[in-house]
Number of protein chains: 2
Amino acid sequence: MSTNAIPADELLKLENQLCFPLYACSKEVVRRYTPFLDELGLTYTQYLVMMALWEYGNTSVGELGRRLFLDSGTLTPMLKKMEAKGLLRRVRSTEDERRVEISLTADGEALKEKAARVPIAMGQCLTVSPEDAAELTRLLRKILDAIQVD
Amino acid sequence: MSTNAIPADELLKLENQLCFPLYACSKEVVRRYTPFLDELGLTYTQYLVMMALWEYGNTSVGELGRRLFLDSGTLTPMLKKMEAKGLLRRVRSTEDERRVEISLTADGEALKEKAARVPIAMGQCLTVSPEDAAELTRLLRKILDAIQVD
DNA sequence: AATATTTATATTGTATACAATTTAATTGTT
DNA sequence: AACAATTAAATTGTATACAATATAAATATT
């Protein structure tokens, strides 16, 4: 572990850091979803929950959290709201009473058709070439995979 | 605007979307900063504010917001906390009384030396090659630039 | 000059996020 | 079986984020 030759000035410049554009880009892109998701009555995180349920089917709070990188402190209140809106059911598992099973209602399942508009609209809004998008996704997944290890 | 041939099923898969890995990766990377930033008594967003001030010098709330992609609803309460901690000053401009000038205190300026450890520690924590980091940053900046236009 | 428009912050309200703790159920050990 | 350790959600507390609105100051218009 040798002394790093780069001075504090350079190290701390926003443009020299990976994390800042990552943070800013994520926020700005998510923000662009809002008008399209408003039409579905969903927030971005709720939309993620719905996509996970549409794709993988019914699960538990914990499994949902592992898939979406969210913990129960975020999910529990959000799932309660979504249950109140009639999109899903929260049922304590009889098999393992620690678990709460999340399942889609008919309304929740039906919302999928309307939701297909969202990625299409965003695709037109973002103007990222398919190549750039693929490369970006690849690099982000690589970091996510690496970061999970420790 | 022709009918898109890709079915809803495919469009709505988490793995087929750029935004989800972007969102998840940003969150997970920011979370890794926490232990290092705790030593400085900063949150990640506060760290961004400090980096902007160290790099660009004193500014106004609005300019800070444009640089960091944050609005006054986020910045005002946060800057008040940072002022209370003695890191910066908030002074209503006499020249234009709508503006609030943000300037570093001696303590805030001094924190820069300790903060240089943070990007070094994160660099070791992330294990991203310089090439991947450069490519990723380039693509993220490209999206951020494109998204600002509309 | 008086009024309208724009601009810069601040405030309000809603929705995440997550660390830390709590509670209750299940599993592992002796 | 009894107790310890682990696991799954829920809760608590703190800190963003941002849309919408409010407020006040500066600028533009008539």
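The chains referred to below are lettered A, B, ... by the order of the sequence lines, with proteins before strands, and numbering in each begins at 1. FYI, side chains are in, hydrogens and waters are out, and symmetry mates aren't considered; it's all heavy atoms of this structure.
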Exercise for the section: Would you tell me whether B/Gln46 and B/Lys81 have side-chain atoms, one donor and one acceptor, within less than 3.5 Å of each other? Expected result: no
Practice task
Classify the side-chain pair A/Glu10/A/Asn16 by whether it contains a donor and acceptor separated by less than 3.5 Å.
Solution key: yes
Nearest whole Å is fine: how far is [N] [atom2] from [X] [atom1]?
X       : N      : atom1 : atom2 : answer
A/Arg32 : D/dC18 : CZ    : P     : 10 Å
B/Leu75 : D/dA19 : CG    : P     : 13 Å
A/Met78 : C/dT16 : CE    : P     : 6 Å
A/Leu70 : C/dT16 : CG    : C1'   : 9 Å
B/Arg99 : C/dT7  : CZ    : C1'   : 11 Å

Under-4.0 Å side-chain N/O to phosphate OP1/OP2 contact, [X] with [N]:
X       : N      : value
B/Thr45 : D/dA17 : yes
A/Thr34 : D/dC18 : no
A/Lys81 : C/dT16 : yes
A/Tyr44 : C/dA15 : no
A/Lys80 : D/dT11 : yes

Pick base, sugar-phosphate or nothing for [X], based on heavy-atom distances below 4.0 Å to the nucleic acid.
X        : result
A/Glu101 : nothing
A/Arg66  : nothing
A/Asp71  : base
A/Glu63  : nothing
B/Thr43  : sugar-phosphate

What nucleotide, of [options], holds the atom closest to the side chain of [X]?
X       : options                : answer
A/Thr74 : C/dA10, D/dA25, C/dA17 : C/dA17
A/Tyr23 : D/dA17, C/dT16, C/dA17 : D/dA17
A/Arg92 : D/dA10, D/dC18, C/dA10 : D/dA10
B/Ser60 : D/dT11, C/dT9, C/dC18  : C/dT9

Handout entry: A/Asp107 side-chain N/O to A/Ala110 backbone N/O, donor-acceptor pair under 3.5 Å
Key = no
Exercise for the section: Please state whether the base of D/dT7 and the side chain of A/Arg98 form at least one donor-acceptor pair under 3.5 Å? Expected result: yes
Exercise for the section: Establish whether the base of D/dA8 is bridged to the side chain of A/Ser72 by a donor-acceptor pair shorter than 3.5 Å. Expected result: no
Exercise for the section: Would you please name every residue forming a salt bridge (Lys or Arg N to Asp or Glu O under 4.0 Å) with A/Lys112, sequence neighbours left out? Expected result: B/Asp9
Handout entry: Salt bridge flag under 4.0 Å for residues B/Glu83 and B/Lys80
Key = no
Handout entry: Pairing of A/Glu135 and A/Arg138 as salt bridge, 4.0 angstrom limit
Key = yes
Completion exercise
The bend of the helix from C/dA1-D/dT30 to C/dT30-D/dA1, taken between the axes of its five terminal pairs at each end and rounded to 10°, is 10°
Problem - Residues B/Leu104, B/Leu87; criterion side-chain contact (heavy atoms from CB on, under 4.5 Å); working and verdict - result: CA-CA 6 Å; B/Leu104 286 169; B/Leu87 294 172; 5.8 Å; no
Practice task
Using heavy atoms to find the nearest nucleotide of DNA chain C for B/Gly62 and A/Glu97 separately, return the residue whose nucleotide is more 5′.
Solution key: B/Gly62
Exercise for the section: Classify the ring geometry between B/Tyr44 and A/Tyr23 as parallel (under 30°), tilted (30 to 60°) or perpendicular (over 60°). Expected result: perpendicular
